[in-house]
Undergrad: 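A single structure is presented below for examination.
Every number for a ligand or one of its atoms is a count from 1 in the order of the listing. Along the sequence shown, the residues carry numbers beginning at 1.
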Amino acid sequence: MRVLTTGGAGYIGSHTVLALVEAGHEPVILDNFANSSPEAVRRVSELAGREIELIEADLLDAPAVDRIVADGNFDAVIHFAGLKAVGESAAQPLRYYRSNILSTLNLLDAMQKHGVRNVVFSSSATVYGEAGTVQYTEELPLNAMNPYGRTKMHIEQILDDLAASEPGWHIGKLRYFNPVGAHPSGRIGEDPRGIPNNLMPFVSQVAVGRREHLNVFGDDYPTPDGTGVRDYIHVVDLAGGHVAALEALGDVRGSRAWNLGSGQGSSVLEVVRAFERAAGRPIPYVVAPRRDGDLPEFFADPTLARLELHWKTERGLDDMARDAWNWQSKNPFGYGTGEEDPEA
Ligand code: NAD
Ligand code: UDP
């Protein structure tokens, strides 16, 4: 399939583009590099052994999006592009609603107009919010608790309404749990700008000496060791989940949601220990107050993806830590040199 991958230069997109090529598909990247670097595309091309087609464009530019879809001869779209920082979304809600929702509307308008009706969307486990249970199944009601999560929830609803409005749409909504790790080559990986919000990139930067210590946000949760529990998923497994979803879209009438997670929770301290094993050095940490809005524990029920996508995770926490460390130690400043961003 010829697949338009919006946000394909980003963390999950770049790994998925590679997996698409490996599965015999033809990805085309659309990205405005708002949170990524052309260097990622160059490296994916190098790993793929061929030049990946790249269109530099902003999804907020509706006429440009229309032209790209009109001319692209695409069989399907994987829609990764969007802003994703929870804290920033609370400070700048309008920017988040505009970026994530308007850009999706532009894309869907163009797809509808030009007859492209297969789409896989990057949603998130954050759409479930406080669900009253720790293991999330797809039937739980959506209850996102911050503006970022609400953009994902609203886009899911827009996709459902679109699918209900006319026949012929095949829509997969992938609810990712906590993507971490990197390609085992160490050539592509996560390259957050500024101070990382997420645990694994923060731990990686402590290990490589860019930060002094990790703040563990709370050790008094009702979990086995008191620290927060999440379902970490290796980004290469996640990339494979996109290929599986794309290939299963033909069987979907309308829209369908799938959890992509391992089904297993790990605590903050378990992540720290795995990273210490991988890096062969201690990760200094201090216990800090709980972070606002954090839930104590949640993880996926990945049964539906196993049954319908014939997909499951294959890599464990030690693989995630090893590959994250391999990427971080080979690229201490990600795709940059450390000069670009004084904040970082
Ligand atoms: P990322 O920031 O690395 O990738 C997003 C890409 O989209 C970037 O390359 C960025 O430049 C591009 N982009 C943003 N706005 C754009 C626009 N208007 N036009 C064109 N390109 C634009 O993020 P990621 O971690 O790879 O996440 C990919 C998707 O998965 C996002 O939608 C994110 O919300 C979702 N998601 C991520 C996580 C996670 O923990 N990483 C978890 C759940 C869901
Ligand atoms: N966490 C932490 N210190 C950090 C970042 C995260 O202790 O610097 C904890 C956080 O409280 C949560 C877990 O690590 O329990 C995963 O957090 P992350 O932000 O990576 O994912 P999310 O909370 O979005 O699931």
Undergrad: Decide whether Asp31 and Ser36 meet the rule of one side-chain donor and one side-chain acceptor closer than 3.5 Å.
TA: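 Yes, side-chain donor-acceptor contact under 3.5 Å.
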Undergrad: Using a cut-off of 6.0 Å, state whether more than 12 heavy atoms not belonging to Gln264 lie near its atom CD.
TA: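 Open: at most 12 neighbouring heavy atoms sit under 6.0 Å from CD of Gln264.
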Undergrad: Need the ligand 1 atom indices (1-based, order shown) with element for anything under 4.0 Å from a heavy-atom of Lys152.
TA: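 Near Lys152, meaning under 4.0 Å from one of its heavy atoms, ligand 1 has 31 (C), 32 (O), 33 (C), 34 (O).
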Undergrad: Any carboxylate oxygen within less than 4.0 angstrom of a Lys/Arg side-chain nitrogen, looking at Asp160 and Lys173?
TA: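 Here Asp160 pairs with Lys173 in a salt bridge, since their nearest N and O are under 4.0 Å apart.
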Undergrad: Which residues satisfy the side-chain hydrogen bond (donor to acceptor under 3.5 Å, both in side chains) test with Ser123, sequence neighbours excluded?
TA: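 side-chain hydrogen bond (donor to acceptor under 3.5 Å, both in side chains) list for Ser123, sorted by chain: Glu156.
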Undergrad: Are any of the N/O atoms in Leu60 less than 3.5 Å from those in ligand 1?
TA: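 No.
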Undergrad: Which bit of Asn198 gets closer than 4.0 Å to ligand 2, counting heavy atoms only: side chain, backbone, both or neither?
TA: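 Near ligand 2, Asn198 shows its backbone as well as its side chain.
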Undergrad: What's the shortest distance from atom 17 (O) of ligand 2 to any protein heavy atom, and which residue and atom give it?
TA: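 Nearest neighbour among protein heavy atoms for atom 17 (O) of ligand 2, to 0.1 Å: Arg291 NH2, 3.5 Å.
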Undergrad: Just let me know how Asn178 lines up against ligand 2, side chain, backbone, both or neither, with a heavy-atom cut-off below 4.0 Å.
TA: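 The side chain, only.
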Undergrad: Which one holds for Phe33 and ligand 1: side chain close, backbone close, both close, or neither close, with close meaning a heavy atom under 4.0 Å?
TA: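 Looking at Phe33 and ligand 1, just backbone atoms fall under 4.0 Å.
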Undergrad: Quick check on Tyr232 - does any of its heavy atoms sit under 4.0 Å from an atom of ligand 2?
TA: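 True for this residue.
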Undergrad: Quick test of your reading: applying salt bridge (Lys or Arg N to Asp or Glu O under 4.0 Å), list the pairs with at least one residue in residues 9-22, sequence neighbours left out, ordered by first then second residue.
TA: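 Not a single pair qualifies under salt bridge (Lys or Arg N to Asp or Glu O under 4.0 Å).
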Undergrad: Of all the non-hydrogen atoms in the protein, which one sits nearest to atom 1 (P) of ligand 1, and at what distance?
TA: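 Of every protein heavy atom, Asn35 ND2, 3.8 Å lies nearest to atom 1 (P) of ligand 1.
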Undergrad: Can you name the atoms of ligand 1, numbered from 1 with element, that are less than 4.0 Å from a heavy atom of Ser36?
TA: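 That gives atoms 8 (C), 9 (O), 11 (O) of ligand 1.
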Undergrad: Are Glu39 and Arg42 ion-paired here, with the side-chain N under 4.0 Å from a carboxylate O?
TA: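 Answer for the salt bridge query: yes.
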Undergrad: Answer with yes or no whether the side chains of Asp66 and His114 bring together a donor and an acceptor at under 3.5 Å.
TA: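 There is such a pair (donor and acceptor under 3.5 Å, judged by atom type) between the side chains of His114 and Asp66.
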Undergrad: For atom 15 (O) of ligand 2, grab the closest protein heavy atom and report residue, atom and distance to one decimal in Å.
TA: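 Answer, as residue, atom name and distance: Gly228 CA, 3.5 Å.
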Undergrad: When clusters are formed by joining ILVMFWY residues with side-chain heavy atoms under 4.5 Å apart, either directly or through shared neighbours, do Val77 and Leu60 land in the same one?
TA: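 Result: yes, single cluster for both.
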Undergrad: Would you mind checking if Arg95 and Glu88 are paired as a salt bridge, meaning a charged N to carboxylate O distance below 4.0 Å?
TA: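 A salt bridge links Glu88 with Arg95.
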Undergrad: So, applying ring pair (Phe, Tyr, Trp, His ring centres under 6.0 Å) with Phe298, which one of Tyr136, Tyr221, Tyr232 is it?
TA: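 One option only clears the test, and that one is Tyr136.
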Undergrad: Taking only heavy atoms of Ala57, which atoms of ligand 1 are found under 4.0 Å from at least one of them?
TA: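 In order of numbering, the contacting atoms are 19 (N), 20 (C).
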Undergrad: Mind listing the closest non-hydrogen atom pair of Asn146 and Ser89 along with its distance?
TA: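 Shortest heavy-atom separation between Asn146 and Ser89 comes out as OD1-OG, 4.3 Å.
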Undergrad: Heavy-atom distances under 4.0 Å decide this one: backbone, side chain, both or neither, for Val268 against ligand 2?
TA: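 Under 4.0 Å from ligand 2, Val268 contributes side-chain atoms alone.
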Undergrad: With heavy-atom distances below 4.0 Å as the criterion, list the atoms of ligand 1 near Ser122.
TA: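 With Ser122 as reference, the close atoms of ligand 1 come out as 29 (C), 30 (O), 32 (O), 35 (C).
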Undergrad: Considering only heavy atoms of Asp58, which atoms of ligand 1 have at least one such atom less than 4.0 Å away?
TA: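 Reading through ligand 1 atom by atom, the close ones are 17 (C), 18 (N), 19 (N).
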Undergrad: With heavy-atom distances below 4.0 Å as the criterion, list the atoms of ligand 1 near Phe80.
TA: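 Checking each atom against Phe80, I get 28 (C), 29 (C), 31 (C), 32 (O).
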Undergrad: Which residue and non-hydrogen atom of the protein lie closest to atom 15 (N) of ligand 1, and at what distance in Å?
TA: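 Protein heavy atom at minimum distance: Gly82 N, 3.8 Å.
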Undergrad: Pull out every atom of ligand 1 sitting under 4.0 Å from any heavy atom of Gly10, numbered as shown with elements.
TA: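 Close to Gly10: 3 (O), 4 (O), 9 (O), 26 (O).
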Undergrad: With a heavy-atom distance limit of 4.0 Å, tell me whether Leu214 approaches ligand 2 through its side chain, its backbone, both, or neither.
TA: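 It is the side chain that touches ligand 2; the backbone stays farther off.
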Undergrad: Scan side-chain atoms only and decide if Tyr176 and Ser122 contain a donor-acceptor pair under the 3.5 Å cut-off.
TA: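 Tyr176 vs Ser122: donor-acceptor pair found between side chains.
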Undergrad: Pair Val235, Tyr11 - check side-chain contact (heavy atoms from CB on, under 4.5 Å), show working.
TA: CA-CA 8 Å; Val235 66; Tyr11 172 45; 3.6 Å; yes
Undergrad: Please name the residue in the list Lys312, Arg315, His15 that meets the side chain to side chain donor-acceptor pair (under 3.5 Å) test with Asp237.
TA: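 The option that passes is Arg315.
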Undergrad: Is any N or O atom of Phe217, backbone or side chain, closer than 3.5 Å to an N or O atom of ligand 2?
TA: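 Yes: some nitrogen or oxygen of Phe217 is under 3.5 Å from one in ligand 2.
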Undergrad: Quick one: nearest non-hydrogen protein atom to atom 6 (C) of ligand 1, plus distance?
TA: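 Protein heavy atom at minimum distance: Gly7 CA, 3.5 Å.
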Undergrad: Which option out of Ser14, Ser124, Ala9, Pro179 puts a heavy atom nearest to atom 39 (C) of ligand 1?
TA: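 Minimum heavy-atom distance to atom 39 (C) of ligand 1 goes to Pro179.
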Undergrad: Considering heavy atoms of the protein only, find what lies nearest to atom 10 (C) of ligand 2 and give residue, atom and distance to 0.1 Å.
TA: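 Of the protein heavy atoms, Asp294 OD2, 3.4 Å lies nearest.
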Undergrad: Quick one: which ligand 1 atoms are inside 4.0 Å of a heavy atom on Ala34?
TA: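 By the 4.0 Å cutoff, the relevant atoms are 11 (O).
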Undergrad: Tell me: protein heavy atom nearest atom 27 (O) of ligand 1, and distance?
TA: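 Looking at atom 27 (O) of ligand 1, the protein heavy atom closest to it is Ile12 CD1, 3.8 Å.
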Undergrad: Pick whichever of His79, Lys84, His15 has a heavy atom sitting closest to atom 25 (O) of ligand 1.
TA: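 Checking each option, the heavy atom nearest atom 25 (O) of ligand 1 is found in Lys84.
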Undergrad: Given Thr126, Leu199, Asn215, identify the one with the heavy atom nearest to atom 3 (N) of ligand 2.
TA: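 Nearest heavy atom to atom 3 (N) of ligand 2 lies in Asn215.
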Undergrad: How about Tyr335 and Trp327: are their ring centres within less than 6.0 Å of each other?
TA: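 Tyr335 vs Trp327: aromatic centres under 6.0 Å.
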Undergrad: Would you confirm whether His79, through its side chain, and Thr6, through its main-chain N or O, come within 3.5 Å as a donor-acceptor pair?
TA: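 Side chain of His79 to backbone of Thr6: no pair is present.
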Undergrad: Where does Ser99 meet ligand 1, judged by heavy-atom distances below 4.0 Å: at the side chain, the backbone, both, or neither?
TA: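 Neither; no heavy atom under 4.0 Å.
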Undergrad: Please list, in number order, the atoms of ligand 2 under 4.0 Å from a heavy atom of Val216.
TA: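 So the answer, numbered in order with elements, is 7 (O).
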Undergrad: Short list, please: which atoms of ligand 2 are under 4.0 Å from a heavy atom of Asn197?
TA: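 Counting atoms of ligand 2 from 1, those under 4.0 Å from Asn197 are 5 (C), 19 (O).
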Undergrad: What residue and heavy atom of the protein are closest to atom 19 (N) of ligand 1, and at what distance?
TA: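 The protein heavy atom lying closest is Leu59 N, 3.0 Å.
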Undergrad: Where is the nearest protein heavy atom to atom 3 (O) of ligand 1: which residue, which atom, and how far?
TA: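 Its nearest protein heavy-atom neighbour is Tyr11 N, 2.9 Å.
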Undergrad: Using 4.0 Å as the upper bound for N to carboxylate O, is an ion pair formed by Arg273 and Glu276?
TA: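 Salt bridge flag = yes for Arg273 with Glu276.
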Undergrad: I'd like to know if the side chain of Asn331 pairs up with that of Arg43 as donor and acceptor (distance under 3.5 Å, no hydrogens or angles considered).
TA: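 A pair is found: one side chain offers a donor N or O, the other an acceptor, under 3.5 Å apart.
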Undergrad: At what distance is the nearest protein heavy atom to atom 10 (C) of ligand 1, and which residue and atom is it?
TA: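 Atom 10 (C) of ligand 1 sits closest to the protein heavy atom Asp31 OD1, 3.4 Å.
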Undergrad: Which of the listed options, Asn32, Leu174, Asp61, Leu30, holds the heavy atom that is closest to atom 16 (C) of ligand 1?
TA: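 When every heavy atom of Asn32, Leu174, Asp61, Leu30 is considered, Asn32 comes closest to atom 16 (C) of ligand 1.
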Undergrad: Say whether Asn259 and Tyr128, considering side chains only, have a donor N or O and an acceptor N or O under 3.5 Å apart.
TA: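 Yes, a side-chain donor-acceptor pair sits under 3.5 Å.
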